[in-house]
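What you see below is based on every heavy atom in this structure, not just the backbone, and it leaves out hydrogens, waters and symmetry mates. This chain uses plain numbering: 1 for the first residue, then up along the sequence. Predicted, not measured: the structure shown is a model, and the values here were computed from it.
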Amino acid sequence: MPDMSASASLAMTQLATLAKEVDEDKVTPGVLGFIVFAVMAVAVWGLMKSMSRHMNKVDFKEAPDPESGASDEGADATSAAKPRQG
């Protein structure tokens with residue numbers, strides 16, 4: 001296994017010289033920042049479109065409760081007046 005401390009110190013030396021050349025008043029996100037932001041925006045748009053499609057497939061009609069005595073004639077009126085448990 002090669003010695004990582006030598007390569008790490010070499011990388012830090014090169015990064016330190018690059019950092020001295022950068023003007024701190026003119027640092028901007030640049031093209032890479034824009035690309036990352038654009039990819040994230042497209043991903044969020046795609047997720048929202050997918051969520052909307054899945055939400056449109058959901059059927060919000062509630063199934064009748066089998067324990068409520070559906071054989072009674074007034075079951076619909078009494079089940080609507082009962083508070084939901086759950």
Exercise for the section: Please list, chain by chain and in numerical order, all residues satisfying side-chain contact (heavy atoms from CB on, under 4.5 Å) with Lys57, sequence neighbours excluded. Expected result: none
Problem - Linked, directly or transitively: Val31 and Val39 (ILVMFWY side chains, under 4.5 Å) - result: yes
Exercise for the section: Treat each ILVMFWY residue as a node, draw an edge where side-chain heavy atoms are under 4.5 Å apart, and state whether Met40 and Met48 are in one component. Expected result: no
